[in-house]
Participant: 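Once you've had a glance at the structure underneath, I'll fire off some questions.
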Number of protein chains: 2
Amino acid sequence: MVAIVHRYTGEFDWEGVEASLYPPAKEMKGVSIRRLISPAEGARNFALRYFQIEAGGWTSLDQHPHDHGVVILRGEGKVLLGQSETEVHCGDVVYIPPHELHQLRNDGEEPLGFLCVIPAREESA
Amino acid sequence: MVAIVHRYTGEFDWEGVEASLYPPAKEMKGVSIRRLISPAEGARNFALRYFQIEAGGWTSLDQHPHDHGVVILRGEGKVLLGQSETEVHCGDVVYIPPHELHQLRNDGEEPLGFLCVIPAREESA
């Protein structure tokens, strides 16, 4: 396995990383994903993705056995954690434990961008 | 397990997260760690840490079975990957595979800060 550097090219894009809608089969709005570290890089323990939610967009209402680590990199929005919703801003870190109901919404006017870490086995599914 | 939000308080600090020298037993210089998501948050799959290397500092020369995912958040420096050294700047993403020799050095004038993801079992060790 070889080391990989994805150079940042500005404006939340990286060399060798494509943006795609995420995921087409689920009900969400205005969400794109950039897979920064994933099984494509040979990573078997964790995956690191950059998500962006356009203004007015939202991720699907999710609940599953794996956990998430989230770092907000741009913008602001709201995250639902169980029964309560909380505001998040650039720089905030959120740990979403296994089986926690969660959803992110961008009710601001700028894109909401964040890093999201998951176990690698979920990314390859 | 409960969800956790570590609010960003500016200047690369977070609520509920302490900075400490990292790690005192190894040979490195000017390196601090902030554990953003770790077994302390209940995370069992991955750990997410913020490292900062002061100007002129460096991490230990390491080689081990687990991998790293790195995202540069501030400054610039050099990363040794195997036998070759490459420059990294704010925003760059580096995947360091298992058993790869690696070291980060800050030869700039500003702090070099980066997120680093590892398997959780390594953080609890």
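Note that these values count all heavy atoms, side chains included, but never hydrogens, waters or copies made by symmetry. Per chain, numbering begins at 1; letters A, B, ... match sequence-line order.
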Participant: Do you know which of A:L36, A:I96, A:I72, A:T9 has the most heavy-atom pairs under 4.5 Å to chain B?
Facilitator: A:L36
Participant: With only heavy atoms counted, which part of A:E100 is less than 4.5 Å from chain B, the side chain, the backbone, both or neither?
Facilitator: side chain
Participant: Looking at every non-hydrogen atom in both residues, tell me the closest pair between A:P97 and B:A3 and how far apart they are.
Facilitator: CD-CA, 3.5 Å
Participant: Counting heavy-atom pairs under 4.5 Å with chain B, which one of A:L73, A:V88, A:T86, A:V117 comes out on top?
Facilitator: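 The residue among A:L73, A:V88, A:T86, A:V117 with the greatest pair count is A:V117.
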Participant: Please determine whether the number of non-hydrogen atoms from other residues, nucleotides or ligands lying under 6.0 Å from atom CD of A:E85 exceeds 12.
Facilitator: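 Counting other residues, nucleotides and ligands, CD of A:E85 exceeds 12 neighbours.
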Participant: Check A:V2 against B:Y95 and note the closest heavy-atom contact, atom names and distance.
Facilitator: O-CD2, 4.5 Å
Participant: What closest approach, in Å, do A:F46 and B:D67 show between heavy atoms, and which atom pair accounts for it?
Facilitator: CE2-OD1, 3.5 Å
Participant: Where is the tightest heavy-atom contact between B:I37 and A:V94, given as atom of each residue plus distance?
Facilitator: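 Heavy-atom minimum between the residues: CD1-O, 3.8 Å.
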Participant: Quick check on A:V70 against chain B: is it the side chain, the backbone, both or neither that has a heavy atom closer than 4.5 Å?
Facilitator: backbone
Participant: In this structure, would A:I118 and A:I53 fall into the same cluster of hydrophobic residues linked by side-chain contacts under 4.5 Å?
Facilitator: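 In one cluster with A:I118: A:I53, no.
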Participant: Kindly write out the residues that satisfy side-chain hydrogen bond (donor to acceptor under 3.5 Å, both in side chains) with B:D62, not counting sequence neighbours, or none if the list is empty.
Facilitator: B:K26, B:S60
Participant: Around B:Q63, counting heavy atoms of other residues, nucleotides and ligands shown, do more than 12 lie under 6.0 Å from its CD?
Facilitator: yes
Participant: For the side chain to side chain donor-acceptor pair (under 3.5 Å) test, which of B:R121, B:H66, B:E122 pairs with A:N45?
Facilitator: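 Exactly one option meets the side chain to side chain donor-acceptor pair (under 3.5 Å) with A:N45, and it is B:R121.
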Participant: Heavy-atom pairs under 4.5 Å with chain A - which of B:R44, B:E87, B:H99 has more of them than the others?
Facilitator: B:E87
